[in-house]
Amino acid sequence: MKEEQDNMHESTESSDKKRLRRSKKLINNEIMKAVSYIIGEQGFSRLGINTVSEQAQVEKPYIYRNFGTFEKVLEEYILKNDFWLRFIIQRSFQKNEEGYFDIHTTFTNLMVDLYKTMDDNRDFRNMILWELYENTPFIRSNAERREIESGEQMILLHDHFKDVNIDIEAITALFISGIYYLVLHKNVSTFCGIDYKTLEGKKRMITALKNLSDMLFEQAEQKKTIIKRMLAKGIDHQIIAEVVEVDKNYVMRFVEK
């Protein structure tokens, strides 16, 4: 009888270990889902180890054993759902066959992808809300990391616009913050008469983003065209620079051509 009990005990232990090995990824996914649910349905004030453990139906010792601290759980959630870094920038900034960026198309795609992703993905919206709700070292470090890791793309945009005196950093900030606000506000009321919960509202937003991007890049090209025409008429380089609001050295580039 004792031998049968020992065998049964060993079999149960073996089964438990096998189950844990097989289900670890699933359990961790449930923990992430619990964080998302609590933020989205109950609010940030309810977010804690107890509520996550209860919602995910995972014992607290397991969470601590696999993540170390509850802050590590939150860090994992944010890193997993920072679509700005993981998806949007990586997809938008793709070189063409010649190895160059089409900056106009890239910028347009970047803004449209950001809007679509944030509008569709609750976890991404939660992450942005979290940054507005809390001002902790952890939240600040994540926001700063996003700034650093998107720095290369901002340099490309800056270099494209710097000579035509267009502050692309400030303009990009307005694009992004406008997208954030309109998506987060859509369930409150209409905005400027547009209901962004509807398909029509979403289409209007995407069209507006594309049109604004086109206007931005057309403004840069128009300055180049004006410089060339004024040079052809023999107008002084300094006068051209002042009228078009560009650096004189930029005007001289067209003289050399």
On a heavy-atom basis, the closest approach of M111 and I179 is O-CD1, 3.6 Å

Shortest non-hydrogen pair, V52 vs A34, comes out as O-CB, 3.9 Å

Those residues at least two apart in sequence (or on a different chain) that pass salt bridge (charged side-chain N to carboxylate O under 4.0 Å, His left out) with K60 are none

Could you check if a side-chain atom of N126 sits within less than 4.5 angstrom of a side-chain atom of D123, using non-hydrogen atoms only?
yes

Distance col, row D214:CG vs Q219:CD, nearest 0.5 angstrom, shows 13.0 Å

Determine whether M215 and V164 fall in the same hydrophobic cluster, where Ile, Leu, Val, Met, Phe, Trp and Tyr are linked whenever their side-chain heavy atoms lie under 4.5 Å apart. yes

So ring pair (Phe, Tyr, Trp, His ring centres under 6.0 Å) across residues 218-247, not counting sequence neighbours, yields none

Value for CD1 (I194) from NZ (K203), rounded to nearest 0.5 Å, stands at 14.5 Å

| Is the number of heavy atoms from other residues, nucleotides or ligands under 6.0 Å of Q42 CD greater than 12? | yes

Main-chain N/O of I49 paired with S53 side-chain donor or acceptor, under 3.5 Å: no

Rounded to the nearest 0.5 angstrom, the CG-CD1 distance for L110 and I176 is 6.5 Å

One should read off an interatomic distance between L182 CG and S177 OG, to the nearest 0.5 angstrom, of 9.5 Å

**OP:** Show your working on side chain to side chain contact (heavy atoms under 4.5 Å, CB included) between R204 and Y196 and close with a plain yes or no.
**Re:** CA-CA 9 Å; R204 288 181 68 177; Y196 291 101; 5.7 Å; no

One should read off an interatomic distance between T225 OG1 and E218 CD, to the nearest 0.5 angstrom, of 11.0 Å

The complete set of salt bridge (Lys or Arg N to Asp or Glu O under 4.0 Å) pairs with one or both residues in residues 163-172, sequence neighbours excluded, reads D163-R253

| request: Determine whether L114 and Y180 make a side-chain contact, defined as any pair of heavy atoms from C-beta on separated by less than 4.5 Å. | output: yes

Taking every heavy atom of T69 against every heavy atom of Y64, the minimum-distance pair comes out as CA-CD2, 4.3 Å

So E30 and Q57, side chain to side chain contact (heavy atoms under 4.5 Å, CB included) or not? Walk me through it.
-> CA-CA 8 Å; E30 290 300 316; Q57 296 186 336; over 6 Å; no

Closest heavy-atom pair, A241 versus D247, reported as atoms and distance to 0.1 Å, is CB-C, 4.1 Å

Exercise. Is any side-chain heavy atom of K233 less than 4.5 Å from a side-chain heavy atom of M230?
Worked result: no

- Message: Can you tell me if R46 has over 12 outside heavy atoms packed within less than 6.0 Å of its CZ?
- Response: no

>> Counting only heavy atoms from other residues, nucleotides and ligands, does the tally under 6.0 Å from CD of E242 exceed 12?
In response: yes

Salt bridge (Lys or Arg N to Asp or Glu O under 4.0 Å) pairs touching residues 175-197, sequence neighbours excluded, are D119-K186, D195-K197

Checklist entry - Does a salt bridge link E75 with K72, judged by any charged N lying under 4.0 Å from a carboxylate O? => result yes

- Under the side chain to side chain contact (heavy atoms under 4.5 Å, CB included) criterion, do I206 and K116 qualify, and how do the steps go? CA-CA 8 Å; I206 291 171; K116 289 180 177 179; 3.6 Å; yes

- prompt: Do N28 and Y62 come within less than 4.5 Å of each other through their side chains, counting heavy atoms only?
  reply: yes

Sorted by chain and number, sequence neighbours left out, ring pair (Phe, Tyr, Trp, His ring centres under 6.0 Å) with F191 holds for Y181, H185

- Stepwise, does the side chain to side chain contact (heavy atoms under 4.5 Å, CB included) test hold for L47 with L74? CA-CA 10 Å; L47 190 61; L74 304 183; 3.8 Å; yes

S213 meets the side chain to side chain contact (heavy atoms under 4.5 Å, CB included) criterion, sequence neighbours left out, with H104, F107, T108, F217

*asked:* Assess the residue pair E41 and R122 against the criterion (salt bridge (Lys or Arg N to Asp or Glu O under 4.0 Å)); give the C-alpha distance rounded to whole Å, side-chain angles, the decisive distance to 0.1 Å, and a yes or no.
replied: CA-CA 11 Å; E41 301 297 328; R122 183 174 72 169; 2.9 Å; yes

dist I168:CD1 -> L216:CG (nearest 0.5 Å) comes out at 4.5 Å

Heavy-atom closest pair (E245 atom, N165 atom, distance to 0.1 Å) is O-CB, 3.0 Å

Note: M118 and F124 closest approach over all heavy atoms is CA-CD2, 3.6 Å

Check whether any side-chain heavy atom of F161 sits under 4.5 Å from a side-chain heavy atom of T172, and report yes or no. no

